[in-house]
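Data block below; observations after.
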Amino acid sequence: MSNRTDDARKRAQTARQILTVAQMRAAEQGLMDAGHDVHALMQRAGRGAGEWVRRLAAGRSVTVLCGPGNNGGDGYVIAQYLADHDVPVCVVAARPPQTDAARRARSLFAGEVREAGAALSQEGLPRGGVLVDCLFGSGLSRPLSDDLAALLGDLAAHHAMRVAVDLPSGVDADTGALLNEGLPEWTLTLALGAWKPAHFMMPACVTMGAVRLVDIGVEAMPGAAQVLARPVIAAPAPDAHKYRRGLLGIVAGAMPGATLLSAQAALRGGAGYVRLLTGGEAPSGVPAELVVSRGALPDLLADGRYGALLVGPGLGRDDAARAKLDVALASGLPLVIDADALVLLQPGLAGVNGLATRACVLTPHEGEMQVLEHNFGLSGEGDRPARAVALARASGAHVLLKGPCSVIAAPDGSVTMGSRASSWLSVAGSGDVLAGTVASRLAVTRDAGAAAAQALWLHSRAAERAGSAFTSGELAHAIGGALAEVLA
Ligand SMILES: NC(=O)C1=CN([C@@H]2O[C@H](COP(=O)(O)OP(=O)(O)OC[C@H]3O[C@@H](n4cnc5c(N)ncnc54)[C@H](OP(=O)(O)O)[C@@H]3O)[C@@H](O)[C@H]2O)[C@H](O)CC1
Ligand SMILES: [K+]
């Protein structure tokens with residue numbers, strides 16, 4: 001029983017790993033060393049993908065476009081699987097197979113193959129229900145030539161649904177770059193064996209439609225990035241009280257709107273008690289549930305019961321803001337640093353060296369990220385996961401790099417990638433809601449990695465629950481419902 005549970009946990013973990021082309025090759029080698037051969041892996045991958053296509057086709061005809069490599073080989077296996085299940089299928093061979101495994105897969109396909117090229121007229125190109133793209137996968141090394149791009153575009157335009165196998169042809173697996181202009185949009189993309197970075201990176205990920213993983217038994221690779229998991233959040237303990245549940249302090253600044261928005265989210269993110277820490281008058285519009293503590297920040301923080309602090313939303317960038325950031329850094333408390341505070345953060349500030357010894361999350365968007373990279377003397381080179389890792393290593397904090405595909409990097413170099421989030425999140429105040437949610441989870445968990453991951457998921461789910469054209473206030477209100485979905 002426990003072995004079975006262990007196995008299930010292991011498979012769930014490997015189902016979340018994201019492998020670069022080099023890591024995928026190493027994983028494939030691992031399977032070879034364990035006695036599998038490419039033919040067997042291709043059969044497994046092709047049949048798994050074929051089952052998805054069979055269901056999607058629901059009796060309609062299928063065209064499989066096959067390229068020269070093993071992605072093309074998968075295509076012949078898919079075609080044979082469909083034929084075996086009485087689905088009308090035709091293969092278009094864009095190039096003859098070039099690998100042993102692909103040649104063997106083709107030889108085992110008993111159905112019709114039309115060779116692309118001058119002899120195949122426009123009229124000879126099949127039209128039908130579902131196009132399956134097995135032109136290129138992770139082995140794509142350059143843009144598609146004009147003839148291949150035209151063939152792919154023509155077939156895509158003449159099929160109602162389009163399935164990309166492993167990756168859409170024309171997509172760079174490691175970076176998510178589109179190597180050609182005008183590439184088709186896909187209904188479904190089936191990742192084979194493991195996710196690739198492109199499945200979670202712009203601009204490729206928005207062309208892929210729904211994405212699903214086909215398991216072929218790839219083992220866990222050390223150091224692999226992980227897909228953001230749906231969290232499991234425990235309800236408060238039976239004997240919990242507001243302080244034990246988590247007291248969060250939110251440092252108020254010059255612009256109360258952003259601070260209050262982050263507080264609205266924090267109140268719904270699980271913390272037992274949220275206090276607005278202000279040196280002056282309470283801003284207008286403070287909800288009754290938000291306790292306002294007035295006084296000098298060092299005095300207010302002398303209360304030893306804080307679980308976490310949030311500094312940044314609405315803070316401003318003047319000397320008063322700088323002084324508050326200094327106090328927050330000096331407090332040694334678990335910390336979320338967002339917005340203006342990110343721009344003020346400098347490696348030379350007292351307390352910055354201590355970020356590695358406490359739970360701390362930085363939540364920059366792209367513009368703030370560039371300022372941080374400049375301030376921390378980082379090159380800013382590489383893709384977003386690599387840049388987030390560089391900042392996490394340099395600062396000692398977890399970095400939640402926001403965007404359509406957000407990335408979380410830990411100071412130890414580990415990376416978690418979020419799935420594409422609702423484009424309605426591009427609304428003013430959305431970042432304040434995220435920061436408040438991270439801070440709330442940090443006050444509860446005191447764990448920067450867990451808080452960032454839970455909050456990113458909750459924020460994305462809250463957007464789905466809020467629907468379309470929501471305000472950031474409505475988004476903050478939806479955090480509670482998202483949390484209720486993932487209670488243990
Ligand atoms: N990794 C696994 O465990 C499994 C992977 N499977 C599938 O295999 C592909 C990767 O297969 P691979 O053969 O490495 O790559 P591709 O099929 O994508 O194609 C590579 C060949 O295409 C040539 N190439 C690359 N770019 C172009 C281009 N723009 N135009 C023309 N030709 C191109 C390349 O030649 P080079 O000139 O670059 O040397 C190769 O000949 C993976 O995506 C999965 O679908 C298995 O089936 C299961 C196990
Ligand atoms: K493909």
Side-chain angles (χ1 to χ4, degrees), residues 14 17 19-34 36-50 52-53 63-78 80-81 92-106 108 116 131-152 155-156 162-174 177-180 183-184 186-199 204 207-209 211 213-219 221:
T14 53
Q17 67 179 348
L19 301 185
T20 61
V21 173
Q23 287 171 323
M24 194 68 207
R25 289 208 179 109
E28 197 180 3
Q29 191 55 51
L31 289 171
M32 304 292 154
D33 296 346
H36 301 271
D37 64 16
V38 185
H39 171 73
L41 292 177
M42 191 176 276
Q43 290 292 321
R44 197 163 172 187
R47 288 173 189 167
W52 277 102
V53 176
T63 303
V64 185
L65 175 63
C66 291
N70 286 345
N71 195 252
D74 295 338
Y76 294 104
V77 179
I78 292 170
Q80 187 57 48
Y81 181 89
V92 175
R95 297 279 187 270
Q98 297 294 323
T99 69
D100 289 344
R103 275 190 279 265
R104 186 167 169 195
R106 171 153 176 179
L108 293 173
L131 172 67
V132 180
D133 163 29
C134 292
L135 186 54
F136 298 108
S138 57
L140 183 82
S141 57
R142 56 192 177 278
L144 305 179
S145 55
D146 290 348
D147 66 316
L148 289 180
L151 176 64
L152 182 67
L155 288 172
R162 297 163 296 278
V163 180
V165 171
D166 206 12
L167 293 149
S169 297
V171 163
D172 183 280
D174 284 351
L178 301 175
L179 302 190
N180 290 75
L183 289 168
W186 301 91
T187 316
L188 172 68
T189 295
L190 298 168
L192 300 186
W195 300 107
K196 317 296 177 311
H199 294 121
T207 70
M208 293 186 189
V211 288
L213 179 69
V214 175
D215 182 11
I216 60 169
V218 170
E219 293 294 325
M221 292 295 288

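Atoms within a ligand are numbered from 1 in the order they appear, just like the ligands themselves.
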- Options Pro143, Ser141, Ser138, Ala26, ranked by nearest heavy atom to atom 10 (C) of ligand 1, top entry: Ser138
- Is Trp186 close to Leu167 at the side-chain level, that is, under 4.5 Å between some pair of heavy atoms? no
- Where does Arg142 meet ligand 1, judged by heavy-atom distances below 4.0 Å: at the side chain, the backbone, both, or neither? both
- Note on the structure: re atom 45 (O) of ligand 1, the protein heavy-atom contact at minimum distance is Asp74 OD2, 2.5 Å
- Of all protein heavy atoms, the one nearest atom 24 (N) of ligand 1 is Phe136 CE2, 3.5 Å
- Message: One residue to check: Leu31. Relative to ligand 1, which of side chain, backbone, both or neither has a non-hydrogen atom less than 4.0 Å away?
- Response: neither
- Message: Distance under 4.0 Å to a non-hydrogen atom of Gly137: what atoms of ligand 1 satisfy this?
- Response: 16 (P), 18 (O), 43 (O)
- Backbone N/O of Asp166 and side chain of His199: donor-acceptor pair under 3.5 Å: yes
- Message: I'd like to know if atom 1 (N) of ligand 1 has any protein heavy atom within a distance of less than 4.0 Å.
- Response: yes
- Query: Judged by atom type as modelled, is there a donor-acceptor pair below 3.5 Å linking the side chain of Ser169 to the main-chain atoms of Phe136?
  - Reply: yes
- About how many Å separate CG of Leu144 and CG of Leu151, when rounded to the nearest 0.5 Å? 10.0 Å
- When you measure from atom 48 (C) of ligand 1 to each heavy atom in Val77, Leu190, Leu41, Leu179, which option holds the nearest one? Leu41
- If we number the atoms of ligand 1 from 1 as shown, the ones under 4.0 Å from a heavy atom of Pro68 are 22 (O)
- Consider every N or O of Arg25 and every N or O of ligand 1, then say whether any pair is closer than 3.5 Å. no
- the K ion (ligand 2) reached by Asp133 (N, O or S, under 3.4 Å): yes
- Query: Hey, is Gly193 one of the residues with a heavy atom under 4.0 angstrom from ligand 1?
  - Reply: no
- Item | atom 7 (C) of ligand 1 touched by protein (heavy atom, under 4.0 Å) | yes
- Message: Under 3.4 Å from the K ion (ligand 2), is there any N, O or S atom belonging to Leu135?
- Response: no
- Message: Using a 4.0 Å cutoff against the non-hydrogen atoms of Gly69, which atoms of ligand 1 qualify?
- Response: 13 (O), 17 (O), 19 (O)
- Query: Can you tell me if Phe136 has an N, O or S atom under 3.4 Å away from the K ion (ligand 2)?
  - Reply: yes
- atom 40 (C) of ligand 1 protein-contacted, heavy-atom criterion under 4.0 angstrom: no
- Message: Report whether any nitrogen, oxygen or sulfur of Ala164 sits less than 3.4 Å from the K ion (ligand 2) (N, O or S, backbone or side chain).
- Response: no
- Message: Give me the residue, atom name and distance of the protein heavy atom closest to atom 34 (C) of ligand 1.
- Response: Gly139 O, 4.4 Å
- Task: Name the closest protein heavy atom to atom 13 (O) of ligand 1, giving the residue it belongs to and the distance to 0.1 Å.
- Result: Asn70 N, 2.9 Å
- Where is the nearest protein heavy atom to atom 9 (C) of ligand 1: which residue, which atom, and how far? Asn71 N, 3.6 Å
